[in-house]
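Order of the sequence lines sets the chain letters (A, B, ...), proteins ahead of strands, with each chain counted from 1.
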Amino acid sequence: MKRIKIKELLSTEDFDREVLVKGWVRTRRGNKNISFIALNDGSVIHNIQVVVDLAVFDESILKLITTGSCIAVSGTLVKSMGQGQTSEIQAKEITLYGTADAETYPLQKKGHTLEFLREIAHLRPRTNTFGAVLRIRHALAFAIHKYFNNKGFVYLHTPIITGSDCEGAGEMFRVSTLDPVHPPLNEDGKINYSEDFFGKETNLTVSGQLEGELGAMALSEIYTFGPTFRAENSNTPRHLAEFWMIEPEMAFYEIIDNMDLAEDFLKYLVTYALENCKEDLEFLNNMYDKELLKNLNFVVSNKFERKTYSEAIDILEKSGQKFEFPVKWGADLQSEHERYLVEKHFKKPVILRDYPKEIKAFYMKQNPDGKTVAAMDILFPRIGEIVGGSQREENFDKLKKRIEELNLPQKDLWWYLDTRRFGTAPHSGFGLGFERLVLFVTGMSNIRDVIPFPRTPKNAEF
RNA sequence: UCCUCAUUAGCUCAGUUGGUUAGAGCAUCUGGCUGUUAACCAGAGGGUCCCUGGUUCGAGUCCAGGAUGAGGAGCCA
């Protein structure tokens, strides 16, 4: 007999037939005549109830069917005789694949704190919460590919090991095969990277954008979706040392096209989750954030507010709010400023653009005013900055001048500058932090709970 | 990295002004119960009070240092 997933069994009314299910036991209860097993196989948040008649089964095997054990059950799918579920399986045969010692198995029937579950990240996918989060995470990843594929974007695999340290997005993790105790040294006592594996200093990528631009200047529209690494000592519920990022890059898109795409993209993804992860979202709504579904529906049905950085500064200055950090044109917006704009003033997602060039990256398109660049950030309630992007500077001379002003290592960027030298074009792109999206959609409050195995400072377990 | 808070049974927590043998709920184990719904009822076992040092007749409790975790800030996605 072929195994049927619990998701399929729970959605059928084709009763009184023989079925085979396999999964992990959530709880078992009953008396000496009858026993009820709640079985889950991860295909859906709900369990199927297996009914065991103790006149047919030996008590010794039943004793081994404890919370966490893995079994296969064949029996008859019937309309449930009890309240609380519509169908159940009358067991005829049970195979015990793996026991789980009740004394030492860490997961109980009762609720655990998220902090405790982080310590047992190898087992937490077996909980309702992480089952729901991981299914939603999968659905969003799938929807990202679907969205871009529908629009004719090409999925470009940018390198994970990078030789340029000018991506400008924070501290990097070094990649090296040199002897860490006695590395080869130059005459000046510094490490001689010419003897390293790649013959130069290399790191894990902090962004695929620069390579993404190379793809866009040939394929028109590309996107990347891969792991990203930041060696920042960030200890917050919104930061990971290893996270996944989506970076579309589009030739012939100007800043407003870029904003339109990002807004449409985010709404598509949230809509996809609402339509395809209904039961998981309902569970999270009930258990963690009673406003979750309301907030998700609000985001997809309202236009994002669009303002320039200067207008935002004006609003903040006139707000009469007391801020810990002063509001000043030219300074980057602080968390408290962003939160005020999104949560108090506009009460909806906000797209800000045209930031002072001093606080943004070298590659952003310089505006005619000489003071700002065509950058855009999307700010979400609770999450803060979920998207950061810009139109790129396509003018060779302006870009070169900016690189010189900022003292960036021009010789490492020769290939990047070549795109402006040969057949340059206006183009734009943005980056979306995948875990921040999952955080928003699931209503979870710590980013370590929306990735299976989080990497944070001092933690690379599992 | 900075600020704040926390760390007591497998889990979640209580523990009075420093005072005898450190408690509860759940989990586990044993027994009971004719269809249960985080089943229920009864009983039992279970402790390096995070670590190191100090103050004191006496420290889970006070002090110092450290570790780990959480929240806020910075950095950023």
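Under a 4.0 Å N-O distance rule, the pair A:K347/A:E343 does not qualify as a salt bridge.
The base of B:rC76 is not paired with the side chain of A:S234 by any donor and acceptor separated by under 3.5 Å.
Heavy atoms of A:Q90 sit under 4.0 angstrom from at least one base atom. Among the heavy atoms of the strands, none lies under 4.0 Å from A:E119. Using a 4.0 Å heavy-atom distance criterion, A:F116 is classed as a sugar-phosphate-only contact. At the heavy-atom level, A:M81 lies under 4.0 Å from base atoms of the strands shown. Within 4.0 Å (heavy atoms only), A:R28 reaches no atom of the nucleic acid at all. At a threshold of 4.0 angstrom between heavy atoms, the contacts of A:T27 are confined to the sugar-phosphate backbone, with no base atom among them. Residue contacts for A:Q334: at a heavy-atom cut-off of 4.0 Å it reaches the sugar-phosphate backbone alone, with no base atom in range. Among the protein residues, A:Q108 comes within range of the nucleic acid bases, having at least one heavy atom under 4.0 Å from a base atom. Among the protein residues, A:E247 comes within range of no part of the nucleic acid, since none of its heavy atoms lies under 4.0 Å from any strand. Residue A:G384 is classed as having no contact, given no heavy-atom separation below 4.0 Å to the nucleic acid. Using a 4.0 Å heavy-atom cutoff across all strands shown, A:L240 reaches at least one base atom of the nucleic acid. Counting non-hydrogen atoms under 4.0 angstrom, A:N446 reaches the backbone sugars and phosphates but no base.
We find that CD of A:E232 is positioned 5 Å from C1' of B:rC75, with the value rounded to whole Å. Here B:rC76 presents its P atom at 11 Å from CD of A:E338, a figure rounded to the nearest Å. Distance CZ (A:F325) to P (B:rG74): 5 Å, rounded to an integer number of Å.
Comparing the P positions of B:rC62 and B:rA14 gives a spacing of 14 Å, expressed to the nearest Å. When the P atom is compared between B:rG58 and B:rG19, the two are found 14 Å apart, to the nearest whole Å. Distance check on atom P: B:rA39 versus B:rC3 gives 46 Å, rounded to whole Å. The separation of B:rG10 from B:rG45, taken at their C1' atoms, amounts to 13 Å, rounded to a whole angstrom. When the P atom is compared between B:rG60 and B:rC50, the two are found 10 Å apart, to the nearest whole Å. For the C1' atoms, the distance from B:rU61 to B:rU16 is 10 Å, rounded to whole Å. Distance check on atom P: B:rC75 versus B:rG69 gives 23 Å, rounded to whole Å. Remark: the separation of the P atoms in B:rC63 and B:rU17 is 14 Å, to the nearest Å.
Closest-nucleotide positions on RNA chain B for A:I447 and A:P457 were compared, and the one nearer the 5' end corresponds to A:P457. Each of A:G30 and A:T67 was assigned the nucleotide of RNA chain B with the nearest heavy atom; the assignment lying further toward the 5' end belongs to A:T67.
Using cut-offs of 30° and 60° for the angle between ring planes, the A:F304 and A:F380 rings count as perpendicular. In this pair, A:F265 and A:F430 present their aromatic rings tilted. The plane angle is within the 30 to 60° band.
To the nearest 0.5 Å, atom CG of residue A:L9 and atom NE2 of residue A:H46 are 13.5 Å apart.
Pairing for B:rC13 is with B:rG23, a Watson-Crick or G-U wobble pair whose two hydrogen-bonding atom distances lie under 3.5 Å.
For A:E211 and A:Y416, the side-chain atoms include no donor-acceptor pair closer than 3.5 Å.
For A:R118, the salt bridge (Lys or Arg N to Asp or Glu O under 4.0 Å) partners are A:D449, not counting sequence neighbours.
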